There are 2 protein chains.
Amino acid sequence: MTPQRPTMNDVARTAGVSLKTVSRVVNGETTVAPDLVARVQAAVESLDYRPHVGATMLRRHDRSTRTIGVLLDDVSHPFSAALHRAVEDQARSRGIHVLTGSLDHDPVRERDLAAAFAERQTDGLILAPSGAELEPHTMPVVFVDRIPAGATGDTVVSTNVSGAAGAVRHLIAHGHRQIGFLGGHRHLSTARDRYRGYQRALGRRAGPAVHDLHDPTEAEKAAIAMLRGPGAPTALFAARSTVTFGAVRALRRLGRQHAVALVGFGDFPLADLLDPPVTVVAQDPARMGRTAAEALFERIDGYDGAPREIRIPTTLIPRGSGEL
Amino acid sequence: MTPQRPTMNDVARTAGVSLKTVSRVVNGETTVAPDLVARVQAAVESLDYRPHVGATMLRRHDRSTRTIGVLLDDVSHPFSAALHRAVEDQARSRGIHVLTGSLDHDPVRERDLAAAFAERQTDGLILAPSGAELEPHTMPVVFVDRIPAGATGDTVVSTNVSGAAGAVRHLIAHGHRQIGFLGGHRHLSTARDRYRGYQRALGRRAGPAVHDLHDPTEAEKAAIAMLRGPGAPTALFAARSTVTFGAVRALRRLGRQHAVALVGFGDFPLADLLDPPVTVVAQDPARMGRTAAEALFERIDGYDGAPREIRIPTTLIPRGSGEL
DNA sequence: CTACTTCGAGACAACGTTGTCTCTCAATGC
DNA sequence: GCATTGAGAGACAACGTTGTCTCGAAGTAG
């Protein structure tokens, strides 16, 4: 037998008033006599009554759920986690709840979760797209970190091209001419843009490049091969933090961490405590999340302008590894 | 004028069938003639019809929302983030969505968010308690990481006492007799338990102790003071990872990172790349999240046994800093 | 003292969907 | 050829709540 939560009718009966009066009290209307209010509240307490959200939504014509969805690569990854947190803070200030999901770069998961959130009628979605064909939906969507392949909507990204170019120019300014590139999956716009920045800074002097590196282990192997190969670079540019970790390990392994320069894209905790401390182009995931949330709320509130592409600046943080 | 989503009635009209037939098709009942199914589906497509969740819930007597809440200290903190991710994975395998919230050790926020989730009728809650008085609620709750002050429910925690004791015994085994303790807020059960483990391992030989350290900066100051003070320890035990960061910085600042031993409670990325690599007692946040989610789902499914306290073992990972 | 206003509180319908009942029509068995 | 069955499809009520309408009582003005 199910516990059967009490309804307004039960409350009305125990309080000895009409159903509608309970409704009024529950909704804080002022047109109820004080003693009745007290009786109703007592009954609500004693029965532990809670309004049925479904019925309330139905009657109020309220399709808004005061909930948004956030779909990121992996909520346990520091970048995604910081972004998520910033979105949550923005949402909290508006009394809105946040549903989360990790996509792991899986297009199927992306499509399914986006559809599920649409189905559950979240009021909006913040999505780090990895190339899924999204079902068309009416709900507002803001893309973060990467530019989606097909769909249109507001997009919040780092200044990937100029950030990467700045990193490489920094290496050039420190005398490096042979600079290697280690990058992530090229089907993601971030990987492509950072490579473009690298190329832009170097022109025809572009050095050896390895793409589509997935995790630190792969990156470590690629870096070792590059440093042992012909035309070995004197400096490395690592286009994302997992690749940076692999590069750090590779240099350490070869005992060349003080001989080969390294600049990574994306800051990470303890970068300043490594030996040498790692120079990075820092992104600002918190600001990206905040900005994405603001854009989404504007859309939810009815703003209907053309899709915007908002670029969040990156910052070069010289720490030692890039100034060798 | 509101966009007004279409209802089943609209679909029925455009498909030229009865309301109920649409309901049957939408719910995948098999007692509908194939041509009607096709007509209805076409109408659903063309109108972009989606069932009204409120009405569905109402009619189905379905108070379940297939959603759980996860309230942790800070979803951008690696420990919370890993735990969150594990919960999410468990939930996904059951087709359940996850609402998140960061509490920042704020009891008001804890109470408010727990109440809000109860209000929105999540089916259950996973909570890292920090001492708020929770309103009584009917929804199942599983506590993680810390043991709540008042409320009762299943609890999933690390083996804090024995883990801390093991860390300290490890230092003792390496010849240390004067071991300092750096810990977090004592109103949290984790801080108290880890201190108890420290005391248990040392008995009356317990060394200097500083409690209630909040962030790396505070911890760094405290460690420096301790190492400069009278009876300076030859080894440090840092009871949480933010404190460990501060201790690492302090030793580095004093140039004593190869002279004073350090064991931290809680693993962190790149610990193995520092100099010296940091020995830790690793927790298993992913397993804690998985376990908590399993416990919660059992409760949601109706299990009604006495509250359980599940302890997830910790693992000592010697890396160098504790073997000086 | 009457007429008019105001205010509190209940009756009733409606929101969009699904469970149950009923009806029709065709297929089946004897 | 008639009764029986069953499957497909519609009519209707109901879920728990809120908007609207109504009604009675009390207050106010003339």
Side-chain angles (χ1 to χ4, degrees), chain A residues 1-44 47-66 118-121 123 138, chain B residues 1-44 47-66 118-121 123 138:
Chain A
M1 79 178 205
T2 23
Q4 278 293 19
R5 296 205 55 85
T7 75
M8 267 193 179
N9 240 319
D10 302 321
V11 177
R13 217 172 306 120
T14 49
V17 298
S18 82
L19 170 62
K20 182 67 220 204
T21 300
V22 177
S23 171
R24 285 196 250 262
V25 172
V26 168
N27 291 290
E29 290 178 34
T30 52
T31 63
V32 184
D35 57 322
L36 289 195
V37 173
R39 286 220 318 264
V40 170
Q41 279 171 343
V44 166
L47 296 178
D48 188 28
Y49 165 78
R50 308 230 178 233
H52 188 294
V53 274
T56 306
M57 275 177 76
L58 179 57
R59 196 54 247 258
R60 283 216 184 113
H61 299 241
D62 202 2
R63 290 186 96 104
S64 140
T65 52
R66 301 198 69 69
E119 204 74 38
R120 295 180 69 70
Q121 304 184 222
D123 298 343
T138 20
Chain B
M1 81 179 206
T2 23
Q4 279 290 21
R5 296 205 57 84
T7 74
M8 266 192 179
N9 240 319
D10 302 322
V11 178
R13 217 172 306 122
T14 50
V17 298
S18 82
L19 171 63
K20 182 68 220 203
T21 300
V22 177
S23 171
R24 285 195 251 264
V25 173
V26 168
N27 290 291
E29 290 179 35
T30 52
T31 62
V32 184
D35 57 322
L36 288 194
V37 173
R39 279 205 341 250
V40 169
Q41 278 171 344
V44 165
L47 296 179
D48 188 29
Y49 166 79
R50 308 229 176 234
H52 187 295
V53 276
T56 307
M57 277 178 75
L58 179 58
R59 195 57 248 256
R60 283 218 183 113
H61 297 247
D62 201 3
R63 286 186 98 106
S64 138
T65 52
R66 302 197 70 66
E119 205 73 37
R120 293 179 71 69
Q121 302 184 224
D123 297 344
T138 19

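The sequence lines fix the lettering, A, B, ..., with proteins before strands; numbering per chain opens at 1. Note that the structure is predicted; figures quoted are calculated from it, not measured.
When rounded to the nearest whole Å, the span between CE of B:M57 and C1' of C:dC15 equals 15 Å. To the nearest angstrom, P of D:dA11 lies 9 Å from CG of B:L19. If you measure from atom CG of B:N9 to atom C1' of C:dT18, you get 13 Å, rounded to the nearest angstrom. Across the protein-nucleic acid pair, B:M8 atom CE and C:dG19 atom P stand 10 Å apart, rounded to whole Å. Between the P atom of D:dT17 and the CZ atom of A:R50 lies a distance of 13 Å, rounded to the nearest Å. The separation between A:L47 atom CG and D:dG16 atom C1' is 15 Å, rounded to whole Å. For B:R39 and D:dG8, the CZ to C1' distance is 13 Å, given to the nearest whole Å. C:dT17 atom C1' lies 7 Å from atom OH of B:Y49, rounded to whole Å.
Across all non-hydrogen atoms, the minimal contact from B:L58 to A:A55 is CD1-CB, 3.8 Å. Between A:V37 and A:V25, the shortest heavy-atom distance links the atoms CA-CG2, 4.1 Å. For the pair B:A43 and B:T14, the tightest heavy-atom approach, listed with the atom from each and the gap, is CB-OG1, 3.5 Å. Scanning both residues, B:T7 and B:Y49, for their nearest heavy atoms gives C-CE1, 3.6 Å. Of all the heavy atoms in B:P6 and B:D48, the pair that sits closest is CG-O, 4.2 Å. Listed here is the closest heavy atom pair of B:V40 and B:V11: O-CG1, 4.2 Å.
A:D10 CG to A:R5 CZ: the interatomic distance, rounded to the nearest 0.5 Å, is 11.0 Å. The CG atom of A:L19 sits 10.0 Å away from atom CZ of A:R24, with the distance rounded to the nearest 0.5 Å. The CG atom of A:L47 sits 12.5 Å away from the CE atom of A:M8 when rounded to the nearest 0.5 Å.
The bend of the helix from C:dC1-D:dG30 to C:dC30-D:dG1, defined by the angle between the axes of its first five and last five pairs, stands at 40° to the nearest 10°.
Across all strands, B:L36 comes closer than 4.0 Å only to sugar-phosphate atoms, never to a base (heavy-atom distances).
When the side-chain nitrogen and oxygen atoms of B:S18 are compared with OP1 and OP2 of D:dG10, one or more of them lie within a distance under 4.0 Å.
When distances are taken from the side chain of A:V17 to each of C:dT18, C:dG10, D:dG16, the shortest belongs to C:dG10. When the nucleotides D:dG16, C:dG10, D:dA13 are ranked by their closest atom to the side chain of B:R59, D:dA13 comes out on top.
Toward the 5' end of DNA chain C, the nearer of the two residues B:K20 and B:L58, judged by each one's closest nucleotide, is B:L58.
Using a 4.0 Å cutoff on non-hydrogen atoms, the parts of residues 21-35 of chain B near DNA chain C are B:S23, B:N27, ordered by number.
The side-chain heavy atoms of B:M57 and A:H52, taken from C-beta on, include a pair separated by under 4.5 Å. Annotation: side chain of A:R60 is in contact with side chain of A:N27 (closest heavy-atom distance under 4.5 Å).
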Can you tabulate the close N/O pairs, meaning under 3.5 Å, that link protein atoms to atoms of nucleotides 22-26 of chain C?
none

